Amino acid sequence: MRRREFYRSIAALGCALLTASASFAEESAQELVRKAWDQQRGQTSVAEITMTIHRTDWERSMSMRAWTAGLDDALVRVTAPRKDAGNGTLTKDDAMWSFAPKINRVIKIPSSMMNQSWMGSDFSNKDVSRSTDIIDQYDHVLLETSEHEGKKVYVIESTPHEDSAVVWGKEVLTIREDFVLLSQEFFDQDGVSVKRMEAQEVGLLGGRPMATRLRMAETDQTEEWTEILYESLDFDVDLADSIFTLSNLRNPRE
C-alpha cells in the first residue's frame with residue numbers, strides 16, 4: 001500500500017513539474033515578445049527612416065519621420081520626395097487616421113483596411129503604425145532555441161486569441177537573446193505563409209541593439225520587396241502630447 005502511494009506521489013509530482021514547466025515556457029515566450037517590442041519603442045521614440053519599394057521594373061524611395069509614445073500612439077509622416085511629402089498616418093489607442101495633402105482630407109482607416117498596403121509598399125497600415133497588438137492579443141509558445149554567432153535565438157509561435165480583431169492565423173517570430181527581432185512571418189487562417197519581414201542588418205540605434213535594415217516581402221514574390229532603413233532612432237525623448245493629434249497630422253507643428 002505504501003509503495004502504491006509512493007508511486008502515486010511521484011506521478012503527481014511529475015505532472016506538477018510538467019505543468020509548471022509549460023507555464024514557465026509560455027510566460028517566457030510572452031516576455032520575450034514584450035521585451036522585443038519595448039526594445040523598438042522605449043517610452044517614446046523619434047526616428048528618421050528611408051523606405052525603398054523595389055519591383056521588377058521600378059524602384060522608388062521615400063524619407064519619413066516617425067514618433068511613438070507608449071504602446072498606443074504613433075505618427076508617421078513622409079518628408080521626401082516632394083510629391084509625397086506631408087502624407088502621414090496617426091495611430092492613437094485602437095484608431096488610425098491618414099492624411100493626404102493632395103485632397104486635404106483626414107480619413108479614418110477602418111479595421112478592415114488595417115492590413116492593406118501603406119503607400120504602395122509591402123508594409124501594411126498596421127505594420128507602419130508599429131502596432132503592439134501581438135503582445136497581449138496573442139498566445140505565445142516557444143518552439144525552439146538555437147545559437148547563432150554566439151547568441152541564443154528563440155523561435156516563437158504567436159496565435160491570436162479567438163476574439164482578437166486580426167486577419168492572421170498565426171505569426172512566427174525569431175528573437176535574439178538581446179531582444180532584437182530578427183524575423184516575423186505572417187500566416188493566413190489555413191496556416192499558409194503570406195509574407196515575411198527579415199532583418200538585413202543589425203547594429204546600434206539609440207544605444208540599443210536593433211535591426212537597422214528590415215525587408216518585407218510576400219512569400220511567393222521574393223524578387224519584389226520593401227526595405228526600411230533606420231537613419232537614426234532616439235529613445236525616451238520629451239514629446240508634447242500635441243504631436244499625436246489630428247490637428248498635427250493635418251498641419252505639422254513639431
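Scope of the values below: all heavy atoms of this structure, side chains included, with no hydrogens, waters or symmetry mates. Since we're looking at a predicted model, the values are computed, not measured.
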Query raised in the report: If you count the non-hydrogen atoms of other residues, nucleotides and ligands that lie under 6.0 Å from NE2 in H148, is the total more than 12?
Result: no
Query raised in the report: Between CG of L90 and CZ of R250, what distance do you get to the nearest 0.5 Å?
Result: 12.5 Å
Query raised in the report: Which residues pass the side-chain contact (heavy atoms from CB on, under 4.5 Å) test with A69, sequence neighbours left out?
Result: T44, D73, F244
Requested in this report: Under the salt bridge (charged side-chain N to carboxylate O under 4.0 Å, His left out) rule, collect the residues that match up with D188, sequence neighbours excluded.
Outcome: none
**Report entry** Pairwise side-chain contact, S124 with Q116, heavy-atom cut-off 4.5 Å (strictly under)
**Finding:** no
Query raised in the report: Partners of R34 by side-chain contact (heavy atoms from CB on, under 4.5 Å), sequence neighbours excluded?
Result: Q30, E31, D38, I135, D136
Query raised in the report: With D139, which residues qualify under salt bridge (charged side-chain N to carboxylate O under 4.0 Å, His left out), at least two apart?
Result: none
Report summary line: Separation between CD1 (I49) and CE (M64), nearest 0.5 Å, reads 5.0 Å
**Report entry** Listed partners of T145 passing side-chain hydrogen bond (donor to acceptor under 3.5 Å, both in side chains), at least two apart
**Finding:** none
Query raised in the report: What are the two closest non-hydrogen atoms of G42 and D236, and how far apart are they?
Result: C-OD1, 4.1 Å
Report task. Check the side chains of S98 and T89 for a donor-acceptor pair under 3.5 angstrom, ignoring hydrogens and angles. Result -> no
Query raised in the report: Taking the side chain from Q39 and the backbone from D178, do they hold a donor-acceptor pair closer than 3.5 Å?
Result: yes
Requested in this report: Salt-bridge test for R215 and E198: reply yes if a basic N is under 4.0 Å from a carboxylate O, no otherwise.
Outcome: no
Query raised in the report: Cluster partners of M96, using ILVMFWY side-chain heavy atoms under 4.5 angstrom, listed by chain and number?
Result: I109, M113, M114
Query raised in the report: Between the main-chain N or O of A36 and the side-chain N or O of Q40, is there a donor-acceptor pair closer than 3.5 Å?
Result: yes
Query raised in the report: Is E201 atom CD crowded by more than 12 heavy atoms from other residues, nucleotides or ligands, each under 6.0 Å away?
Result: yes
Query raised in the report: Under a 4.0 Å N-O cut-off, is there an ion pair linking D122 with R55?
Result: yes
Requested in this report: Evaluate whether atom CG of D220 has more than 12 neighbouring non-hydrogen atoms of other residues, nucleotides or ligands under 6.0 angstrom away.
Outcome: yes
Report task. Please confirm whether the backbone N or O of T245 pairs with a side-chain atom of N248, one donor and one acceptor, at under 3.5 Å? Result -> no
Query - D57 atom CG, neighbour heavy-atom count above 12 within 6.0 Å - result: yes
Query raised in the report: Should the pair W225 and H54 be assigned to parallel (<30°), tilted (30 to 60°) or perpendicular (>60°) ring geometry?
Result: parallel
Query raised in the report: Do S121 and T226 have a side chain donor and acceptor closer than 3.5 Å?
Result: no
**Report entry** S63 and E231, any side-chain heavy atoms less than 4.5 Å apart
**Finding:** no
Requested in this report: Rounded to the nearest 0.5 Å, what's the gap from CG on L249 to CD1 on I243? Could you check?
Outcome: 12.5 Å
Requested in this report: Check whether the ring centres of W168 and F186 lie less than 6.0 Å apart, and answer yes or no.
Outcome: yes
